[in-house]
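The block underneath contains the structure these notes are about, expressed in structure tokens.
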Amino acid sequence: MKNYVDMAEILRVLGHPIRLRIINELVDSDKTVSQIWKAIGFSQALISQHLAVLRHSGIIKSARKGNTVYYSIVNPVAIEILKLIQKQN
């Protein structure tokens, strides 16, 4: 049963359009908050909130390099879900 709970949690977290856009931005390379919010067009505070949700769910991770924090995808299932959704459009 836990496996279904985990799967549902991934779908719940990815069920927000801003989070899907963040995943789309991170597919090709690690990015900073500034790079993400400039590409997506929402406020840095809003992007940071969504990054925290993605990070706490284990879909992305953050890594500090000097004064800069980079985000990257660690759960490949998120990429596969994004690709499946994009095929529908």
Where do His16 and Val53 land on the side chain to side chain contact (heavy atoms under 4.5 Å, CB included) test, with the steps shown first?
-> CA-CA 11 Å; His16 195 285; Val53 172; over 6 Å; no
Give the intermediate values and the outcome of side chain to side chain contact (heavy atoms under 4.5 Å, CB included) for residues Leu26 and Ile36.
-> CA-CA 8 Å; Leu26 295 174; Ile36 295 168; 4.0 Å; yes
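To the nearest 0.5 Å, atoms NE2 (His56) and CG (Leu51) are separated by 10.5 Å. In this structure, CD1 in Ile23 is found 4.5 Å from CD1 in Ile73, a value given to the nearest 0.5 Å. Once rounded to the nearest 0.5 Å, the distance linking CZ of Arg55 with OG of Ser48 reads 9.5 Å. Considering CZ of Arg19 and CD1 of Ile40, their distance stands at 12.0 Å, rounded to 0.5 Å. Atom NE2 of residue His50 and atom CD1 of residue Ile22 lie 6.5 Å apart, to the nearest 0.5 angstrom.
Nearest heavy atoms, Trp37 versus Phe42: CB-O, 3.5 Å. The shortest heavy-atom contact between Glu25 and Lys31 is O-NZ, 2.6 Å.
The one candidate from Asp30, Ile47, Val33 that meets the side chain to side chain contact (heavy atoms under 4.5 Å, CB included) condition with Tyr71 is Val33.
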Let me check something: any side-chain donor-acceptor pairs from residues 75-85 under 3.5 Å, sequence neighbours excluded? List them with distances.
{"unit_1": "Asn75", "atom_1": "OD1", "unit_2": "Val77", "atom_2": "N", "d": "3.0"}

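Cluster membership check: Leu54 does not share its hydrophobic cluster with Tyr70, using side-chain heavy-atom separations under 4.5 Å among Ile, Leu, Val, Met, Phe, Trp and Tyr. One hydrophobic cluster holds both Val13 and Val27 under the rule that ILVMFWY side chains link at heavy-atom gaps under 4.5 Å. A continuous path of ILVMFWY side-chain contacts below 4.5 Å connects Leu11 to Leu14, so both sit in one hydrophobic cluster. Cluster membership for Val74 and Leu20, using ILVMFWY side-chain heavy atoms within less than 4.5 angstrom, is not shared.
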